[in-house]
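Single-structure report; data block below.
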Amino acid sequence: MRPTRYATAMLVLAAIAAVGCSKRGDSPQTKTGESNETTQTKNVTTTSELPSTAPTGEEGFTATPTPEITGPVAFTDGETAYRERKYTEATKIFETYTTQKPDNAWGHFMFGLSASKSGDSTKAEKGFEGALAIDPDHFKSLTNLSRVLIEQKRYDDALDKLMHAGDVDPTSNEVYRLMGRAYHAKGQAEEAVTSYRRAIELDEKDVWSMNNLGLLFLETKRAEEALPLLVKAVELKKDVPAFHNNLGMALEHTGRFGAAATAYAGALTADPTYEKARQNLTRVEGVKKDFEEPFDFEKEGDAAAGSR
């Protein structure tokens, strides 16, 4: 059972996130600080998730000069700047707010979140750590700090925060998805597989865990295992072009070139500017094949659901 103060805090953040979120948690071409983080392994384009509290990476952030703060600020001032994606301004406002209200964990959290969105990992870490100094069980600070640490390749530190977050909320699929990312980056494939599978068990619609696990299977030459996961991700989130592209790679790696062409075309339908998918489509369309058994996308999606 989570502490009452945590439940209350989550309601507060939900109100903030409702205005500031779109995806992604997770957008088609990720680079984080939570924008879009794109990792490429061989011919596989991978996209990982964005935090549930931040706008999508494709929205980017507004590069504005650091504003002059000449007097007291209100929490709502920072919220307004954040909603307008003026993340540099929001960072400065919330940094000032933390000096006015040093005991408000949410002020420190929003300082960290705004700094993360503006690409300032040092201030992001400072903000999240400030919130945790006040409330060691501040769940969103634990998970978002882990994202910053993963970006800095401090995987063990990230996993330490995530283990703590898992104690605070054992039912969070987000925690296990982030653990999967950290283990994957460390080269601990089986631990990553276990973490992603647990995330999907906790949330059967966690498309980013499906996508990331599918990519991990592709990297480890287990393309057949990747297929149902990537089919299900596409079925649940048709507007993410990277999901279609990754599915195309799995189909291509298993010799299903016609179906791969369909998947790559789906990526271009979602994003006509997706050049990688265009190149992949051109490649598979040029493959000569005598016969190919039709691929049942719906059946494979059902198989993914039944395997959990």
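With contacts defined as side-chain heavy-atom distances shorter than 4.5 Å, the pair His184/Asn212 does not qualify. In this structure, Asp137 and His164 have side chains that are in contact, with non-hydrogen atoms separated by less than 4.5 Å.
Going from atom OG of Ser195 over to atom CZ of Arg181 covers 12.5 Å, rounded to the nearest 0.5 Å. Atoms CD and OH, on Glu79 and Tyr97 in that order, are 9.5 Å from each other to the nearest 0.5 Å. Taken to the nearest 0.5 Å, the OG1 atom of Thr91 stands 9.0 Å off from the CE atom of Met110. Atom OG1 of Thr254 and atom CD of Glu225 lie 12.5 Å apart (nearest 0.5 Å). A distance of 4.5 Å separates CG in Asn144 from CZ in Phe109, rounded to the nearest 0.5 Å. Summarising the geometry, atom CG belonging to Leu178 is positioned 6.5 Å from atom OG1 belonging to Thr143; distances are rounded to the nearest 0.5 Å.
Ion pair Glu151/Arg147 not flagged as a salt bridge, since none of the NZ, NE, NH1 or NH2 atoms sits closer than 4.0 Å to an Asp/Glu carboxylate oxygen. For the pair Arg222 and Glu190, the salt-bridge criterion is met [side-chain N within less than 4.0 Å of a carboxylate O]. Of the charged side-chain nitrogens involved, none lies within less than 4.0 Å of a carboxylate oxygen, so that Lys186 and Glu191 do not count as a salt-bridged pair. For the pair Lys232 and Glu235, the salt-bridge criterion is met [side-chain N within less than 4.0 Å of a carboxylate O].
For an aromatic pair to be called close, the ring centres must be under 6.0 Å apart, and Tyr196 with Trp208 fails this. Aromatic ring centres of Phe111 and Phe128: separated by at least 6.0 Å.
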### Task
List the steps and the verdict of side chain to side chain contact (heavy atoms under 4.5 Å, CB included) for Ile200 and Tyr176.
CA-CA 9 Å; Ile200 297 167; Tyr176 287 96; over 6 Å; no

### Task
Give the intermediate values and the outcome of side chain to side chain contact (heavy atoms under 4.5 Å, CB included) for residues Val175 and Asp169.
CA-CA 9 Å; Val175 168; Asp169 183 4; 5.9 Å; no

### Task
Might you work through the side-chain hydrogen bond (donor to acceptor under 3.5 Å, both in side chains) test for Glu252 and Tyr264, ending with a clear yes or no?
CA-CA 10 Å; Glu252 186 177 351; Tyr264 292 138; 2.7 Å; yes

### Task
Check the pair Tyr155, Gln188 against side chain to side chain contact (heavy atoms under 4.5 Å, CB included), reporting the backbone distance first and the verdict last.
CA-CA 11 Å; Tyr155 307 122; Gln188 295 179 230; over 6 Å; no

### Steps toward side chain to side chain contact (heavy atoms under 4.5 Å, CB included) verdict (Glu125, Arg154)
CA-CA 12 Å; Glu125 183 173 355; Arg154 294 162 57 188; 3.0 Å; yes

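Paired with Glu201 under the rule salt bridge (Lys or Arg N to Asp or Glu O under 4.0 Å), one option of Lys205, Arg198, Arg197 passes, and it is Arg198. A side-chain contact (heavy atoms from CB on, under 4.5 Å) with Leu145 holds for exactly one of Lys140, His138, Lys161; it is Lys161.
Residues forming a salt bridge (Lys or Arg N to Asp or Glu O under 4.0 Å) with Asp103 (at least two apart in sequence, or on another chain): none. Annotation: side-chain contact (heavy atoms from CB on, under 4.5 Å) contacts of Asp77 (sequence neighbours excluded): Val73, Ala74, Ile93.
Sparse packing is recorded around NZ of Lys126, with 12 or fewer heavy atoms of other residues, nucleotides or ligands lying under 6.0 Å away.
A donor-acceptor pair is defined here as one N or O able to donate and one able to accept, closer than 3.5 Å; no such pair exists between the side chain of Asn211 and the backbone of Val207.
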